[in-house]
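Encoded as C-alpha coordinates, the structure appears first; notes follow it.
In listed order, ligands and their atoms are each counted from 1. Atoms considered below: every heavy atom in the structure, side chains included; atoms not considered: hydrogens, waters and symmetry mates.
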Amino acid sequence: MIRDLDWEAAINVRRSARSFEMNPVEESKMNMLHSFISEMELPFEHDVAIRMFKANTDKKLYTVFNSPPDGMAFIANTDVLSVAKVGFVGEMLVLYATSLGLATCWYGHYTLMELERMMPHLGEYAKLANPKWGYGTGEVQGKRAVCITPIGYWKQEGVRLFDRMQQAVISYKRKPISALLEGDTKEENLTPELLYAIDLARKAASAANSQHWRFHVSSDLKTITISMPVGYKHIKWEHPDVDLGICACHFWLGLVMKNIDSKVSLEEEHGHAVWRFEI
Ligand SMILES: Cc1cc2nc3c(=O)[nH]c(=O)nc-3n(C[C@H](O)[C@H](O)[C@H](O)COP(=O)(O)O)c2cc1C
(Lines give C-alpha, C1' and ligand atoms only; values in the text may rest on other atoms or scores of the structure.)
Protein backbone atom coordinates (compact mmCIF):
# COMPACT_ATOMS: atom_id res chain seq x y z
CA MET A 1 0.00 0.00 0.00
CA ILE A 2 2.79 2.43 0.93
CA ARG A 3 4.49 1.83 -2.42
CA ASP A 4 1.35 2.87 -4.33
CA LEU A 5 1.29 6.50 -3.20
CA ASP A 6 3.07 9.50 -4.69
CA TRP A 7 4.91 10.59 -1.54
CA GLU A 8 7.10 13.02 -3.48
CA ALA A 9 4.02 15.03 -4.48
CA ALA A 10 2.67 14.97 -0.91
CA ILE A 11 6.02 16.21 0.47
CA ASN A 12 6.20 18.99 -2.11
CA VAL A 13 2.69 20.34 -1.57
CA ARG A 14 2.45 20.02 2.22
CA ARG A 15 2.63 23.33 4.09
CA SER A 16 1.65 24.18 7.64
CA ALA A 17 -1.87 25.65 7.48
CA ARG A 18 -2.98 28.03 10.22
CA SER A 19 -6.26 29.18 8.74
CA PHE A 20 -9.09 26.68 8.26
CA GLU A 21 -12.64 26.41 6.97
CA MET A 22 -14.82 25.35 9.87
CA ASN A 23 -16.11 22.26 8.07
CA PRO A 24 -15.59 18.71 9.29
CA VAL A 25 -13.61 16.23 7.21
CA GLU A 26 -15.98 14.00 5.17
CA GLU A 27 -16.67 10.55 6.56
CA SER A 28 -15.14 8.84 3.51
CA LYS A 29 -11.79 10.58 4.09
CA MET A 30 -11.94 9.84 7.83
CA ASN A 31 -12.46 6.18 6.97
CA MET A 32 -9.47 6.27 4.64
CA LEU A 33 -7.33 7.76 7.40
CA HIS A 34 -8.47 5.04 9.82
CA SER A 35 -7.72 2.28 7.29
CA PHE A 36 -4.30 3.77 6.60
CA ILE A 37 -3.53 3.77 10.33
CA SER A 38 -4.51 0.15 10.77
CA GLU A 39 -2.68 -1.08 7.65
CA MET A 40 0.47 1.07 7.77
CA GLU A 41 3.64 -1.05 7.82
CA LEU A 42 6.77 0.68 9.05
CA PRO A 43 10.37 -0.56 9.13
CA PHE A 44 10.62 -0.51 12.96
CA GLU A 45 8.56 -1.43 16.02
CA HIS A 46 6.66 1.33 17.73
CA ASP A 47 3.77 1.97 20.07
CA VAL A 48 2.75 5.44 18.93
CA ALA A 49 -1.04 5.73 19.13
CA ILE A 50 -2.87 7.94 16.64
CA ARG A 51 -6.18 9.31 17.84
CA MET A 52 -8.69 11.44 15.99
CA PHE A 53 -10.53 14.00 18.06
CA LYS A 54 -13.33 16.52 17.65
CA ALA A 55 -12.43 20.07 18.68
CA ASN A 56 -14.37 23.20 19.49
CA THR A 57 -13.90 25.71 16.71
CA ASP A 58 -12.36 28.37 18.93
CA LYS A 59 -8.80 29.42 19.71
CA LYS A 60 -8.37 27.49 22.94
CA LEU A 61 -6.45 24.58 21.50
CA TYR A 62 -3.98 26.21 19.11
CA THR A 63 -4.17 29.70 20.70
CA VAL A 64 -3.17 31.56 17.52
CA PHE A 65 -5.88 30.24 15.21
CA ASN A 66 -9.34 28.71 15.43
CA SER A 67 -9.34 24.94 15.38
CA PRO A 68 -11.25 23.23 12.59
CA PRO A 69 -13.67 20.56 13.87
CA ASP A 70 -11.19 17.69 13.39
CA GLY A 71 -7.76 16.94 14.72
CA MET A 72 -5.31 14.12 15.13
CA ALA A 73 -3.08 13.44 18.15
CA PHE A 74 0.15 11.42 18.27
CA ILE A 75 0.43 9.78 21.68
CA ALA A 76 3.49 8.01 23.09
CA ASN A 77 5.88 7.69 25.99
CA THR A 78 8.17 10.67 26.28
CA ASP A 79 11.65 9.16 26.21
CA VAL A 80 13.82 10.39 23.36
CA LEU A 81 13.36 7.33 21.13
CA SER A 82 9.56 7.22 21.51
CA VAL A 83 9.37 10.92 20.74
CA ALA A 84 11.52 10.40 17.63
CA LYS A 85 9.12 7.67 16.49
CA VAL A 86 6.21 10.10 16.96
CA GLY A 87 7.80 12.26 14.27
CA PHE A 88 8.14 9.37 11.81
CA VAL A 89 4.71 7.81 12.43
CA GLY A 90 2.93 11.18 12.62
CA GLU A 91 4.48 12.35 9.37
CA MET A 92 3.17 9.27 7.57
CA LEU A 93 -0.31 10.41 8.60
CA VAL A 94 0.32 14.06 7.81
CA LEU A 95 1.53 13.16 4.31
CA TYR A 96 -1.28 10.71 3.74
CA ALA A 97 -3.80 13.37 4.82
CA THR A 98 -2.09 15.77 2.40
CA SER A 99 -2.53 13.25 -0.42
CA LEU A 100 -6.29 13.26 0.39
CA GLY A 101 -6.36 17.04 -0.08
CA LEU A 102 -6.41 17.81 3.64
CA ALA A 103 -4.47 20.61 5.32
CA THR A 104 -2.48 20.01 8.50
CA CYS A 105 -0.03 21.73 10.84
CA TRP A 106 2.36 19.93 13.16
CA TYR A 107 1.74 21.51 16.57
CA GLY A 108 3.78 21.12 19.74
CA HIS A 109 2.62 24.11 21.75
CA TYR A 110 -1.07 23.26 21.90
CA THR A 111 -3.02 23.64 25.17
CA LEU A 112 -2.79 20.26 26.85
CA MET A 113 -5.71 20.73 29.24
CA GLU A 114 -8.00 21.76 26.38
CA LEU A 115 -6.97 18.62 24.49
CA GLU A 116 -7.55 16.53 27.61
CA ARG A 117 -11.05 17.96 27.94
CA MET A 118 -11.89 16.96 24.36
CA MET A 119 -9.89 13.77 24.23
CA PRO A 120 -9.11 12.37 27.69
CA HIS A 121 -5.85 10.43 27.51
CA LEU A 122 -3.76 11.37 30.54
CA GLY A 123 -5.49 9.17 33.11
CA GLU A 124 -3.79 9.29 36.51
CA TYR A 125 -1.18 11.74 35.17
CA ALA A 126 -3.70 14.47 34.38
CA LYS A 127 -2.97 16.31 37.61
CA LEU A 128 0.76 16.43 36.84
CA ALA A 129 0.24 17.88 33.40
CA ASN A 130 1.66 21.17 32.27
CA PRO A 131 -1.33 23.50 32.18
CA LYS A 132 0.41 25.87 29.79
CA TRP A 133 1.29 24.17 26.53
CA GLY A 134 2.33 20.84 25.11
CA TYR A 135 3.04 17.97 27.43
CA GLY A 136 5.98 19.57 29.16
CA THR A 137 9.73 19.41 29.06
CA GLY A 138 11.89 16.29 29.09
CA GLU A 139 10.68 12.83 29.98
CA VAL A 140 7.51 12.64 32.04
CA GLN A 141 5.52 9.70 33.39
CA GLY A 142 2.91 8.01 31.26
CA LYS A 143 1.88 8.52 27.65
CA ARG A 144 1.14 12.00 26.33
CA ALA A 145 -0.04 13.58 23.12
CA VAL A 146 3.45 14.67 22.03
CA CYS A 147 2.12 16.68 19.08
CA ILE A 148 -1.23 17.21 17.46
CA THR A 149 -2.38 18.52 14.10
CA PRO A 150 -5.60 20.04 12.86
CA ILE A 151 -7.04 18.24 9.82
CA GLY A 152 -9.34 20.08 7.50
CA TYR A 153 -9.53 22.54 4.67
CA TRP A 154 -7.21 25.48 4.27
CA LYS A 155 -9.05 28.80 4.23
CA GLN A 156 -7.51 30.85 1.50
CA GLU A 157 -9.07 34.23 2.02
CA GLY A 158 -8.25 35.90 5.24
CA VAL A 159 -4.84 34.28 5.46
CA ARG A 160 -3.44 36.03 8.44
CA LEU A 161 -0.41 38.25 8.17
CA PHE A 162 1.47 35.83 10.41
CA ASP A 163 0.77 33.05 7.91
CA ARG A 164 1.96 35.11 4.98
CA MET A 165 5.13 36.01 6.83
CA GLN A 166 5.69 32.38 7.75
CA GLN A 167 5.26 31.37 4.13
CA ALA A 168 7.41 34.11 2.70
CA VAL A 169 10.11 34.28 5.30
CA ILE A 170 10.33 30.89 6.92
CA SER A 171 8.25 28.10 5.50
CA TYR A 172 9.52 27.81 1.97
CA LYS A 173 13.15 28.13 2.92
CA ARG A 174 15.21 25.02 3.36
CA LYS A 175 18.96 24.54 3.69
CA PRO A 176 20.75 23.04 0.68
CA ILE A 177 22.00 19.45 0.86
CA SER A 178 25.63 20.61 0.98
CA ALA A 179 24.97 22.43 4.28
CA LEU A 180 23.49 19.32 5.85
CA LEU A 181 26.10 16.69 4.98
CA GLU A 182 28.65 15.80 7.63
CA GLY A 183 31.78 13.70 7.22
CA ASP A 184 33.92 13.04 4.17
CA THR A 185 31.22 12.00 1.70
CA LYS A 186 30.27 15.05 -0.35
CA GLU A 187 27.20 15.76 -2.43
CA GLU A 188 28.99 14.99 -5.70
CA ASN A 189 29.84 11.47 -4.47
CA LEU A 190 26.22 10.50 -3.84
CA THR A 191 24.14 8.32 -6.14
CA PRO A 192 21.06 9.90 -7.79
CA GLU A 193 18.88 7.74 -5.51
CA LEU A 194 20.57 8.98 -2.33
CA LEU A 195 20.41 12.55 -3.55
CA TYR A 196 16.71 12.09 -4.20
CA ALA A 197 16.03 10.68 -0.72
CA ILE A 198 18.12 13.36 1.04
CA ASP A 199 16.40 16.05 -1.00
CA LEU A 200 12.99 14.82 0.22
CA ALA A 201 14.38 14.56 3.77
CA ARG A 202 15.62 18.15 3.86
CA LYS A 203 12.10 19.35 2.97
CA ALA A 204 10.72 18.00 6.27
CA ALA A 205 8.85 20.31 8.64
CA SER A 206 10.57 21.34 11.86
CA ALA A 207 9.42 23.51 14.75
CA ALA A 208 10.32 27.13 13.94
CA ASN A 209 11.79 25.69 10.71
CA SER A 210 15.05 25.01 12.52
CA GLN A 211 16.13 22.13 10.21
CA HIS A 212 18.57 20.79 12.76
CA TRP A 213 19.05 17.44 11.01
CA ARG A 214 22.42 16.40 9.67
CA PHE A 215 23.20 13.52 7.31
CA HIS A 216 26.24 11.30 7.39
CA VAL A 217 26.86 8.90 4.51
CA SER A 218 29.53 6.19 4.86
CA SER A 219 32.29 6.07 2.24
CA ASP A 220 30.80 2.89 0.67
CA LEU A 221 27.43 4.75 0.46
CA LYS A 222 25.73 1.88 2.33
CA THR A 223 25.02 3.43 5.74
CA ILE A 224 23.26 6.74 6.22
CA THR A 225 22.65 8.28 9.62
CA ILE A 226 20.37 11.17 10.47
CA SER A 227 21.15 12.96 13.72
CA MET A 228 21.38 16.45 15.16
CA PRO A 229 24.53 18.37 16.13
CA VAL A 230 25.88 17.26 19.54
CA GLY A 231 24.51 19.57 22.24
CA TYR A 232 21.76 20.94 19.99
CA LYS A 233 19.07 22.91 21.84
CA HIS A 234 16.33 25.20 20.62
CA ILE A 235 15.21 28.05 22.84
CA LYS A 236 11.52 27.42 22.24
CA TRP A 237 11.05 23.81 21.16
CA GLU A 238 11.64 21.18 23.83
CA HIS A 239 11.44 18.03 21.68
CA PRO A 240 13.70 18.31 18.63
CA ASP A 241 13.75 14.52 18.30
CA VAL A 242 10.21 14.73 16.87
CA ASP A 243 11.52 16.76 13.94
CA LEU A 244 14.34 14.28 13.39
CA GLY A 245 11.73 11.52 13.06
CA ILE A 246 9.86 13.57 10.44
CA CYS A 247 13.09 13.95 8.47
CA ALA A 248 13.85 10.21 8.76
CA CYS A 249 10.34 9.48 7.47
CA HIS A 250 10.93 11.56 4.35
CA PHE A 251 14.30 9.89 3.78
CA TRP A 252 12.79 6.41 4.11
CA LEU A 253 9.94 7.31 1.72
CA GLY A 254 12.56 8.57 -0.75
CA LEU A 255 14.27 5.16 -0.62
CA VAL A 256 10.90 3.42 -0.98
CA MET A 257 10.09 5.56 -4.04
CA LYS A 258 13.40 4.44 -5.57
CA ASN A 259 12.74 0.77 -4.68
CA ILE A 260 15.68 0.62 -2.29
CA ASP A 261 15.21 -1.69 0.70
CA SER A 262 16.72 -0.51 3.94
CA LYS A 263 17.23 -1.77 7.47
CA VAL A 264 16.19 1.04 9.79
CA SER A 265 17.39 1.27 13.38
CA LEU A 266 17.24 3.92 16.03
CA GLU A 267 19.49 4.53 19.01
CA GLU A 268 20.20 7.23 21.53
CA GLU A 269 23.54 9.06 21.45
CA HIS A 270 24.43 12.17 23.49
CA GLY A 271 20.82 12.35 24.70
CA HIS A 272 19.24 12.43 21.24
CA ALA A 273 17.98 9.99 18.65
CA VAL A 274 20.14 8.78 15.78
CA TRP A 275 18.41 7.12 12.82
CA ARG A 276 20.49 4.59 10.89
CA PHE A 277 19.61 3.29 7.42
CA GLU A 278 21.54 0.35 5.97
CA ILE A 279 20.90 -0.16 2.27
C1 LIG B 1 7.40 19.08 15.69
C2 LIG B 1 6.81 20.37 15.22
C3 LIG B 1 6.14 21.20 16.11
C4 LIG B 1 5.56 22.40 15.64
N5 LIG B 1 4.88 23.18 16.55
C6 LIG B 1 4.31 24.33 16.11
C7 LIG B 1 3.61 25.16 17.03
O8 LIG B 1 3.53 24.86 18.24
N9 LIG B 1 3.05 26.31 16.56
C10 LIG B 1 3.13 26.66 15.22
O11 LIG B 1 2.60 27.70 14.84
N12 LIG B 1 3.80 25.89 14.32
C13 LIG B 1 4.39 24.73 14.73
N14 LIG B 1 5.07 23.94 13.83
C15 LIG B 1 5.10 24.29 12.38
C16 LIG B 1 6.45 24.86 11.93
O17 LIG B 1 6.57 26.22 12.29
C18 LIG B 1 6.58 24.68 10.40
O19 LIG B 1 6.56 23.32 10.11
C20 LIG B 1 7.87 25.29 9.83
O21 LIG B 1 7.87 26.70 9.95
C22 LIG B 1 8.06 24.93 8.36
O23 LIG B 1 6.96 25.34 7.60
P24 LIG B 1 6.12 24.31 6.72
O25 LIG B 1 5.56 23.26 7.66
O26 LIG B 1 5.03 25.15 6.11
O27 LIG B 1 7.03 23.69 5.72
C28 LIG B 1 5.67 22.77 14.27
C29 LIG B 1 6.36 21.93 13.39
C30 LIG B 1 6.93 20.75 13.85
C31 LIG B 1 7.63 19.87 12.89
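By the 30° and 60° cut-offs, the orientation of the rings of Tyr62 relative to Tyr107 is perpendicular. Note on ring orientation: taking the six-membered ring where Trp is involved, the planes of Phe36 and Trp7 are tilted (angle from 30° to 60°).
When heavy-atom distances to ligand 1 are checked against a 4.0 Å cut-off, Ser206 comes that close only through its backbone atoms N, CA, C and O. Residue contacts with ligand 1 for Lys173 are absent, since no atom lies close enough (heavy atoms, distance under 4.0 Å). Proximity of Val242 to ligand 1, defined as any heavy-atom pair under 4.0 Å, is confined to the side chain (atoms from C-beta onward). Under 4.0 angstrom from ligand 1, the non-hydrogen atoms of Ala208 all belong to its backbone. Within the 4.0 Å heavy-atom criterion, the part of Ile246 lying near ligand 1 is the side chain and not the backbone.
Taking every non-hydrogen atom of His109 and a distance limit under 4.0 Å, the qualifying atoms of ligand 1 come out as 8 (O). Within ligand 1, the atoms closer than 4.0 Å to a non-hydrogen atom of Ala205 are 19 (O), 25 (O), 31 (C), numbered from 1 in the order shown.
Residue contact check for ligand 1: His239 places no non-hydrogen atom closer than 4.0 Å to it. In this structure, Glu91 has no heavy atom closer than 4.0 Å to ligand 1.
Here the side chains of His239 and Trp237 are in contact, with some heavy-atom distance below 4.5 Å. The shortest side-chain heavy-atom distance between Ile151 and Met72 falls under the 4.5 Å cut-off. Side-chain contact between Trp252 and Met92 is present, with at least one heavy-atom pair separated by less than 4.5 Å.
Distances from atom 30 (C) of ligand 1 to the heavy atoms of Trp237, Tyr110, Trp106, Tyr107 put Trp106 nearest. Of the listed residues (Cys105, Ser210, Ser16, Cys147), the one carrying the non-hydrogen atom nearest atom 26 (O) of ligand 1 is Ser16.
Checked against a 3.5 angstrom limit, the closest N/O atoms of Arg14 and ligand 1 fall inside it.
With Lys236 contributing its side chain and Ala208 its backbone, the two residues share no donor-acceptor pair below 3.5 Å.
Remark: aromatic rings of Phe44 and Trp275 are close, center separation under 6.0 Å.
Contact detail for Leu221 and Leu194: the closest heavy-atom pair is O-CD1, 3.9 Å.
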